[in-house]
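Count residues from 1 along the sequence. Because only heavy atoms are used, hydrogens play no part in the values below, and waters and symmetry mates are left out as well, while side chains stay in.
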Amino acid sequence: MPIRKLPSHLVNQIAAGEVVERPASVVKELVENSLDAGAGSISIDIVAGGEKLIRISDDGGGIPGDELKLALSRHATSKISSLDDLEAVVSLGFRGEALPSVASVSRFSVCSRVGDAATGFVVEANGGELSEARPAAHPVGTTVEVRDLFYNTPARRRFLRTERTEFGHIDKWLKRLALSRPAVAFSLTHNRRPVLNLPAARDETAERERVGRVLGPAFAENALRIDAERDGLAIAGYVALPTFSRSQPDLQFWFVNGRAVSDRTLAHAVRHAYRDVLFHGRHPAYVLDVTMDPSAVDANAHPAKHEVRFRDGRSVHGIVAHTLETALAETRAGTATQAPARVAVAAPPRGMAAQTDMPLPAASPSPSPRAVSSVLAAYDDWTRPGTVDSRVAEPAAAGVPPLGFAIAQLRGIYILAENADGLVIVDMHAAHERITYEKLKSQFDERTLVRQPLLVPVVVAVSEAEAELVASMSALLEQLGLVVDRSGPQRVTVRECPALLRDADPEALLRDVLSDLAASGSSDRVERARHEHLATMACHGSVRANRRLGLAEMNALLRDMERTERADQCNHGRPTWTSVSLEDLDRLFLRGQ
């Protein structure tokens, strides 16, 4: 066959194969156009899962009548005009392929009006054939109708799933877009029945309410508000407490400059932040938006723009991981988690705020007499009749610590304490395990990493690329505690490893580190292995079940929990304490009813 140019409608249908995967793809592209147009309210009407009708209306800036037909031409856009614009994209769409691609596989119409125009204009397309723009009544903004999707490409139509499945994908994408733009109102109907109505969120309270409507009230109740900035990168959104973990990563949403993305660097940064507060096999939940210089991120790395590429991924990883780790470290026992809290990026605190009074080993002697006396004196003052009404007083005003004062021990496992709000129940082994673990981490983090020479150096067979990586990153490997030499084209020799991990397999550790370095330029394998070792030490060094504690020991443990970072969970992600308010107790016993 001779070489020839393809007809324009066939070119558009080929492009539609990349842009229009299913009805949800159409909704995504058109809603993103509405957002780029500055819309404050977007309405989406769906019929038969999007196969029969997709109608999207917005109150954005609109399209002038003389440009309406041009908007349905390939590679026609108002969002970029030069290479500089392409290298610093600030809009969601920029290729100019969405409208002509959708129009080539549907019966398509677009009606729009700009603010200073006396009337709107409409253009229709049928199988890629465009009509002339003609006047039409329309408010300021744009309405796009897509009817009979894939009517002229039956092979694509046969690959569509059931109506319920296709609408489920639309609903999922719309909720994701709604999370990225809380200031925009969204409404969704399916077969003329209202499905979703999200008013614009103008403040943090309304924004948290919207997040709760999209992801469920339980997420909003257990989420910490993040709002931090460092080195030109701002991160905002919500991260759920470790106790609200999931069995699958279904509540994880990342946005970069308002664009919904899936990125391995960002996902790894979150896993790093949650590394020692989650149960094995559990996944964190979060909604986070990263705002940064558009020129530092490549938004054109994926045909459907689902992925991005960072110019300095290592720096982004470090800032995100540090921000989230700082936020989670502030979840100390007894602190309120319901109110939105802004987290400032600062150097993470090392160690506890004060020395613990609780003995570290399980068989250690009791706290000092002075500590016991002060605790008992405070407890006596609080419980003396007439000093304070615990039903109405705030803990701070009454001088009552957040976790209160111990009153009993149950079955040698749980500590029962009374605070200003009611009853506090503490799992003493889980709580002491976290306290011991954080203290051990503080002691080892404050020291210079100690390396231990191997009695017999370990020779590891690697690929040429890995051998070159070892040679180029030897200084970084030494910082991680690994002294590795290149001893051949496809061979390296491990001569030293971290002293704390002297019992680990040097070859397996090196391979894991090289895999991380090749993928992201950084590795936390050594740190994770070290923390696992410290966690085991903490577990064995904590008070065991069925050990009887005195009142002073129990109160000392409660005070240590209030001073310790991440004290809401043990090292394995289990909760360390819970509370029952007096109102709940009254309701349980039908008091006042």
Checklist entry - Is the charged tip of R176 near the ring of F253: under 6.0 Å from the six-membered ring centre and within 45° of its axis? => result no

Item to check | Verdict with supporting geometry, R161 and H169, side-chain hydrogen bond (donor to acceptor under 3.5 Å, both in side chains) | outcome: CA-CA 10 Å; R161 303 302 181 186; H169 286 286; over 6 Å; no

Item to check | Sidechain N-carboxylate O distance under 4.0 Å for R55, E145 | outcome: yes

Next on the checklist: Check this for me: E209, atom CD, are more than 12 non-hydrogen atoms of other residues, nucleotides or ligands nearer than 6.0 Å?
Outcome noted: no

Checklist entry - Will you find, in the side chains of D293 and S295, an N or O donor that is under 3.5 Å from an N or O acceptor? => result yes

Next on the checklist: Under a plain distance cut-off of 3.5 Å, with no hydrogens placed, do N197 and S187 share a side-chain donor-acceptor pair?
Outcome noted: no

Checklist entry - Does NZ or CZ of R134 lie under 6.0 Å from the centre of the six-membered ring of F121, at an angle within 45° of the ring axis? => result no

Item to check | Side-chain donor or acceptor of Q252 paired with backbone N/O of P284 under 3.5 Å | outcome: yes

Checklist entry - Where is the tightest heavy-atom contact between D289 and N257, given as atom of each residue plus distance? => result OD1-N, 3.8 Å

Checklist entry - Yes or no on side-chain hydrogen bond (donor to acceptor under 3.5 Å, both in side chains) for S515 and D512, after CA distance, side-chain angles and deciding distance? => result CA-CA 5 Å; S515 176; D512 289 340; over 6 Å; no

Next on the checklist: Under a 3.5 Å cutoff, is there a donor and acceptor pairing between the side chains of S101 and S104?
Outcome noted: no

Item to check | Any donor-acceptor N/O pair, R282 side chain to S245 backbone, under 3.5 Å | outcome: yes

Checklist entry - When rounded to the nearest 0.5 angstrom, what is the spacing between CZ in R181 and OG in S34? => result 11.0 Å

Next on the checklist: Between the side chains of E325 and R275, is the shortest nitrogen-to-carboxylate-oxygen separation below 4.0 Å, so that they form an ion pair?
Outcome noted: yes

Item to check | Side-chain donor-acceptor pair present, N33, K28, cut-off under 3.5 Å | outcome: no

Next on the checklist: Quiz question: by atom type and distance under 3.5 Å, do the side chains of S247 and H283 form a donor-acceptor pair?
Outcome noted: no

Item to check | Atom of A178, atom of R210 and distance for their closest heavy-atom approach | outcome: O-NH1, 3.0 Å

Checklist entry - In Å and rounded to the nearest 0.5 Å, what is the CG to OG distance from L233 to S315? => result 7.5 Å

Checklist entry - Under the 3.5 angstrom rule, does the side chain of D298 hit a backbone N or O of R309 as a donor-acceptor pair? => result no

Item to check | Electrostatic pair E207-R202, nearest N-O below 4.0 angstrom | outcome: no

Item to check | side-chain hydrogen bond (donor to acceptor under 3.5 Å, both in side chains) between T326 and T323, worked out | outcome: CA-CA 5 Å; T326 302; T323 300; over 6 Å; no

Next on the checklist: For D584, is there any backbone N or O sitting under 3.5 Å from a side-chain donor or acceptor partner on S581?
Outcome noted: yes

Checklist entry - Should we count NZ of K52 as having more than 12 external heavy atoms under 6.0 Å? => result no

Item to check | Exercise: do D568 and W577 side chains pair donor with acceptor under 3.5 Å | outcome: yes

Checklist entry - Looking at W254, Y238, F219, Y274, which one forms a ring-ring contact (aromatic ring centres under 6.0 Å, His included) with Y286? => result W254

Next on the checklist: Between S73 (side chain only) and A76 (backbone N and O only), is there a donor and an acceptor less than 3.5 Å apart?
Outcome noted: no

Next on the checklist: Using 0.5 Å steps for rounding, measure from the CZ atom of F150 to the CZ atom of R156.
Outcome noted: 4.0 Å

Checklist entry - Hey, what do you get for CD (E163) to CD (E51), rounding to the nearest 0.5 Å? => result 8.5 Å

Checklist entry - If you count the non-hydrogen atoms of other residues, nucleotides and ligands that lie under 6.0 Å from CZ in R157, is the total more than 12? => result yes

Item to check | N126 side-chain N/O to F108 backbone N/O, donor-acceptor pair under 3.5 Å | outcome: no

Next on the checklist: Looking at R208 and A223, would you say the former's side chain and the latter's main chain have a donor-acceptor pair under 3.5 Å?
Outcome noted: yes

